[in-house]
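What follows is a short report on a single structure.
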Amino acid sequence: MDAIPDSAAAAGTPPPHEAYADAPDLRRELHQVLALGAERDGRQAGPATGALAGGRAAERVWLLRRAALMDRMALGDPGPGPVAAAAETAGQLVLHDRRHPDLATGPYPPDPITPARGHRHYVRQAYAAWTAAGRPGL
C-alpha cells in the first residue's frame with residue numbers, strides 16, 4: 001500500500017466543514033446517538049435493537065456517528081476533555097474497521113492514518129463517505 005502524505009487534504013480527508021456539512025445539528029445528533037447506544041446496550045427497545053445487538057454494520061454506524069459527534073464537539077470546544085473524548089471514540093472506530101475492513105468507508109483504510117496525525121481525520125473521511133453513500137445502516 002502506498003504511503004499517505006502528511007497533509008490531511010492530500011490524504012483524502014475533507015476539512016470538518018465539508019465532512020459534516022450534511023450532519024444533523026449537534027443536539028439532534030446527540031439524542032440520536034444516545035438512543036442508538038441505549039438500543040445497542042438493551043436499555044431501550046427500538047426498531048434497531050436486533051440489528052445493533054448482532055449486526056457489525058449497525059455497530060459500525062453507531063461507532064461512526066458517535067466518533068463524528070465527539071469530533072464535532074471537540075472542534076467547537078478544543079479543550080483537553082472534548083479532544084480526548086474525540087480521540088478515544090475515533091480510536092474505537094479505527095479498531096472496529098481494522099477488524100472488519102469490509103465495512104470501512106472512505107478512500108483510505110484505517111491503517112495508513114497514523115497516530116501522529118490522529119484518528120479524527122479517519123473519522124472525517126469515513127463520515128463523508130458514509131454520507132455520500134446515503135447513510136447505509138440507518
Side-chain angles (χ1 to χ4, degrees):
M1 183 173 289
D2 294 337
I4 294 182
D6 287 335
S7 162
T13 303
H17 70 276
E18 288 178 18
Y20 303 129
D22 295 323
D25 67 74
L26 284 174
R27 176 177 271 219
R28 181 172 165 222
E29 185 66 352
L30 176 62
H31 287 286
Q32 290 176 355
V33 168
L34 288 172
L36 286 172
E39 290 174 28
R40 174 186 173 270
D41 297 342
R43 294 176 281 128
Q44 173 180 317
T49 301
L52 283 174
R56 291 182 303 133
E59 176 78 7
R60 184 184 189 275
V61 168
W62 176 72
L63 289 168
L64 174 62
R65 289 181 69 183
R66 188 175 66 135
L69 174 65
M70 293 295 111
D71 185 39
R72 292 171 60 205
M73 291 173 76
L75 290 166
D77 178 7
V83 169
E88 181 180 339
T89 56
Q92 291 169 357
L93 176 67
V94 167
L95 288 175
H96 181 273
D97 284 1
R98 284 179 179 161
R99 286 190 297 261
H100 308 290
D102 56 313
L103 298 176
T105 56
Y108 299 102
D111 288 326
I113 306 296
T114 64
R117 289 181 39 220
H119 293 150
R120 290 172 62 190
H121 293 290
Y122 179 74
V123 171
R124 292 173 194 155
Q125 65 118 23
Y127 192 88
W130 177 71
T131 300
R135 297 182 178 167
L138 285 181

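Values below: all heavy atoms of this structure, side chains included; hydrogens, waters and symmetry mates excluded. All residue numbers refer to positions in the sequence shown, counting from 1.
Clustering ILVMFWY residues whenever any of their side-chain heavy atoms sit less than 4.5 angstrom apart, transitively, puts Leu93 in the very cluster that holds Met73. Linking Ile, Leu, Val, Met, Phe, Trp and Tyr whenever their side-chain heavy atoms come within less than 4.5 Å puts Leu30 and Trp62 in one cluster. Cluster annotation: Val61 is not connected to Leu103 through the hydrophobic network of ILVMFWY side chains, with a link wherever side-chain heavy atoms come within less than 4.5 Å.
Listed by first then second residue, pairs satisfying ring pair (Phe, Tyr, Trp, His ring centres under 6.0 Å) with a partner in residues 67-91 number zero, not counting sequence neighbours. Contacts classified as ring pair (Phe, Tyr, Trp, His ring centres under 6.0 Å) and involving residues 70-101 (residues at least two apart or in different chains) are given here: His96-His100.
Between Gly106 and Ala129, the shortest heavy-atom contact is N-CB, 3.3 Å. In this structure, Val123 and Ala90 approach most closely via the heavy-atom pair CG2-CB, 3.5 Å. When all heavy atoms are compared, the tightest approach of Pro78 to Val83 is O-CG2, 3.5 Å. Taking both residues in full, the closest heavy atoms of Pro82 and Ala74 are given as O-CB, 3.5 Å, listed atom of the first, atom of the second, then distance. Shortest non-hydrogen contact noted between Thr105 and Ala126 is OG1-O, 3.1 Å. The two residues Ala104 and Tyr122 make their nearest non-hydrogen contact at CB-OH, 3.5 Å.
Distance check, rounded to the nearest 0.5 Å: CG of Leu26 to NE2 of His31 gives 11.0 Å. The CG atom of Asp71 sits 3.5 Å away from atom OH of Tyr20, with the distance rounded to the nearest 0.5 Å. Between atom CG of residue Leu69 and atom OH of residue Tyr127 there is a gap of 9.0 Å, rounded to the nearest 0.5 Å. Annotation: the span from Arg56 atom CZ to Asp102 atom CG amounts to 4.5 Å, rounded to 0.5 Å.
A donor-acceptor pair under 3.5 Å is absent between the side-chain atoms of Glu29 and the main chain of Ala23, judged by distance alone. Not one N or O on the side chain of Thr13 forms a donor-acceptor pair closer than 3.5 Å with the backbone of Gln125.
Asp97 meets the salt bridge (charged side-chain N to carboxylate O under 4.0 Å, His left out) test with Arg60; sequence neighbours excluded. Residues satisfying the side chain to side chain contact (heavy atoms under 4.5 Å, CB included) test with Glu88, not counting sequence neighbours, are Gln92. Residues passing the salt bridge (charged side-chain N to carboxylate O under 4.0 Å, His left out) test with Asp25, sequence neighbours excluded: none. For the side chain to side chain contact (heavy atoms under 4.5 Å, CB included) test, residues two or more places apart in sequence or in another chain that qualify with Leu95 are Arg98, Arg99.
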Derivation and outcome, side chain to side chain contact (heavy atoms under 4.5 Å, CB included), residues Val33 and Met70: CA-CA 11 Å; Val33 168; Met70 293 295 111; over 6 Å; no
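Between Asp22 and Arg135 there is no salt bridge, since no side-chain N of the basic residue sits under 4.0 Å from a carboxylate O of the acidic one.
Side-chain contact between Pro16 and Arg124 is present, with at least one heavy-atom pair separated by less than 4.5 Å.
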